[in-house]
2 protein chains.
Amino acid sequence: MPGDIATSALARRVNAARILAKLRERPPERAEMSSGDLVDATGMSRPTVHAAAHHLVELGWVRETTDRVDGRLSGRGRPSRVFSFVANAGHVLGIDIGAHSVRVAVADLRGVFVAEARIAFGDPSVGPEQRITQVRKLAVEVVRTAGLRDEQVLAVCVGTSGPVDADGVVQQRTGIPGFLGVDLRAALARDFSAQVYVENDCNLALIGERWRGRAGASQDVVCLLAGERLGVGMCTGGTLVRGQANSARDLGFLSLMGDYSRDDGIARAVRRRGASLVAEVAARDTPPLPGTPGAELSALTGGDPRRVSASDVFEAVRRGDLDAAGALEEGLETAARAIATLTMLLAPELVVITGAVAAAGDVLLPPLRRRLTELVPRVPRVEASPLREQAVVTGAVRLALDTAETDFLDPLAPAPTA
Amino acid sequence: MPGDIATSALARRVNAARILAKLRERPPERAEMSSGDLVDATGMSRPTVHAAAHHLVELGWVRETTDRVDGRLSGRGRPSRVFSFVANAGHVLGIDIGAHSVRVAVADLRGVFVAEARIAFGDPSVGPEQRITQVRKLAVEVVRTAGLRDEQVLAVCVGTSGPVDADGVVQQRTGIPGFLGVDLRAALARDFSAQVYVENDCNLALIGERWRGRAGASQDVVCLLAGERLGVGMCTGGTLVRGQANSARDLGFLSLMGDYSRDDGIARAVRRRGASLVAEVAARDTPPLPGTPGAELSALTGGDPRRVSASDVFEAVRRGDLDAAGALEEGLETAARAIATLTMLLAPELVVITGAVAAAGDVLLPPLRRRLTELVPRVPRVEASPLREQAVVTGAVRLALDTAETDFLDPLAPAPTA
DNA sequence: CGTTTTTATGAAGGAATTTTATTTAAGGCG
DNA sequence: CGCCTTAAATAAAATTCCTTCATAAAAACG
């Protein structure tokens, strides 16, 4: 911590963290690093690397693989000691509580998902207590499926719609009925002895994108979590934008720009306009001929407006339905304006579209980019995420991993004034 | 730096920085700190404090005041050694190049201004080369006034309208005609051997406000630099929002909300509406009677719309002119919308209005706050800055001080692999 | 089997911290 | 005036981390 006074114990902690980071970053199939590799990678001296690595071995997060794999001894001289990260020295739990479903993932320390589950909330009128019971049940079940005992779960991170205060209580309105004031941290703490962190889902989506999605290590990124609702996570200079006390921080400003609602996610907006189109086509005197505007979408949905989904519109656009393309473009207007505003204000290098609709990036991005060129002088890169619905739970796992690692390393540098 | 490997030299640098910071933070009239005070303040052991303090004394930024002030020896035992920050061990130069004037300040290491100057650009059609010549001349002159030689100026920071790239070149359009592409860093480097930093003026205003203005140490602040033009500086989680490569990051989004221009600063907007009001009153058949709407403003300006200034409108409002109050409210609309958007997006705890119009906070803030309650669900604190026109140059000095201190401390921890 | 090559590891040295003990400078008081 | 108390400076020793250097060890090659 920056407030600590610098003593030699701090040096050890910092250097151990560097070694651990190098080992953890390796892909599982090439996890092993010789001490020589570590010396090259960290710039530290060989004895220091040895000491730190052995220390980490004692603590259990690093293993020395003495039994070398078959005959692949490359060099000439004395063989290196080889270390590798022990990914299953602990696990973390990530949870994404959405409006319609819950997604849970258990990951090992390298972030490899070892168990996943998802349930849909059937009845939308189900009360918050019942939802939380379902979430807890699912979480416990997944951990059991992964073959883990409670104490092997080192950290839990829960993402949910709406701002979350420092104590893990949902503030303000959310997309989930009745979740206002719910203490998610306390709820999950009943099942797990590990620390529980609660975070806004859009922030987690951004973290997920920076970890395993499109955002890479970009310093200035905006992440649009788009599905039934529209949310945004931002990061400037590599720092997540949280707002005072983690409070409200959303797309509410869209209401200042006219009749745009932050609740209107891309999927919902596109579906609604697609349904209007189908209804309009059905009302015509003549049935739509294949190849004429509106025909593809009507054909896909059997001419029933209630059966239209966003995917249908996307598919119709792919098949060349010009009316569907128009509906899509209208449905993107809210998102385009949100991105335009954020672009002018924050100047991100990249905007990532994630959530369910990211799967339709192929049809979504061209009109979105085109609209942006009309709205802003300099258009940033706009990409669709490969993580899609997994973005939030991925970010939850990443945040849980970060806290687990911090907790692991902290005792290495005990405060002298303890 | 975080990329460094942790060695004992790093510890020394960090600890020296802590001691220096404690000494620097003291107000000039109570600058002295005994070693006991430093032990208490830093938590470090006494020998360490001694060593670090003596090291700083050798380097010249700290002085040991052996000659104790009169008889005020408090304690019983051996008197403490007393250290104090040597504020004039070096100086920095802050420059604010505005559309209409240049402001320059020389400050000592504690940030006390020892010389200031300001000139107005008379002819608006004067070319950029000439302006820069004027700026350089003024800067050199002020440094000479302060009685300083070139090598005593440890850092120079220049603030100017418009985004600035990493090399100190003004990008994009600015409020200053012809400044696009001007390399301010190179220009100032001709007169000073110290490092020259160029930064956007709104960012500097924010830095200034956090240092000596209303923003205090708030982590999430928005600072509106309002005068002839409207600009914004933001900071979230204590980090300045810069955008990719320090690029554009402004209120351009206002254009998405209708006919609002980022160039319409509060002073200009209010003046324009005040002028319209005076013209309208003048066109009436009957001359305005004292006490009737519009009369105060007309009286203040002799009924001449061209003579109306923003201050006149503010003064008329103070005297109870209801029409002037209406003009003021209209003039605040753009700023209100900008603040509303930023509030919903970033959830700052505080919005600071700075620049020339901040002097009229008494009449400005009530209608602004009222309008905000209509626009956003949760209104943050909105305050007017006491720094006013000094905000940018104050921030420039602060940034220069930061870099000077970094440069001073860095050699304490030489990279082992140099 | 010796040589070569590369790495592991021990030992020494240096630099920063801490704790502990001693010295020093002042004030209080008989 | 001289001794005692007090609190700080400082010296000394211990600790812990890093480094460099030297030596030992283990494998491959001729």
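All chains are named by letter (A, B, ...) in the order of the sequence lines, taking the proteins before the strands, and each is independently numbered beginning at 1.
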Review point. Any side-chain N or O of A/Asn15 under 4.0 Å from OP1/OP2 of D/dC17?
Key: no
Check your understanding: Under 4.0 Å: is that the gap between some side-chain N or O of A/Ser8 and OP1 or OP2 of D/dC17?
Key -> no
Review point. Does B/Thr48 put a side-chain nitrogen or oxygen below 4.0 Å from OP1 or OP2 of C/dT18?
Key: yes
Review point. Using 4.0 Å as the upper bound for N to carboxylate O, is an ion pair formed by A/Arg242 and A/Glu199?
Key: yes
Practice item. Whole angstrom is fine here: how far is it from NE2 in A/His50 over to C1' in D/dA25? Key: 12 Å
Exercise for review: Would you mind telling me which of B/Val62, B/Leu23, B/Thr65 makes a side chain to side chain contact (heavy atoms under 4.5 Å, CB included) with B/Ser84?
Suggested key: B/Thr65
**Study point:** Any donor-acceptor N/O pair, B/Asp402 side chain to B/Leu399 backbone, under 3.5 Å
**Key:** no
Exercise for review: Please confirm whether the backbone N or O of B/Lys22 pairs with a side-chain atom of B/Glu25, one donor and one acceptor, at under 3.5 Å?
Suggested key: no
Point to revise | Minimum-distance nucleotide to B/Ser45 side chain [options: C/dA16, D/dC21, C/dT19] | key: C/dT19
Point to revise | OP1 or OP2 of C/dA8 under 4.0 Å from side-chain N/O of A/Arg46 | key: yes
Practice item. Take the protein atom CZ of A/Arg12 and the nucleotide atom P of C/dA15, then report the distance between them rounded to whole Å. Key: 22 Å
**Study point:** side-chain N/O A/Arg78 vs C/dT5 OP1/OP2, d < 4.0 Å
**Key:** no
Exercise for review: May I ask you to say what B/Ser35 touches in the nucleic acid, namely base, sugar-phosphate or nothing, with a heavy-atom cut-off under 4.0 Å?
Suggested key: sugar-phosphate
Point to revise | Protein-nucleotide distance (A/Asp37, atom CG; C/dT6, atom P), rounded to Å | key: 14 Å
Practice item. Whole angstrom is fine here: how far is it from NE2 in A/His55 over to P in D/dC17? Key: 8 Å
Review point. Within the structure shown, what part of the strands sits under 4.0 Å from A/Arg81 by heavy-atom distance: base, sugar-phosphate, or nothing?
Key: sugar-phosphate
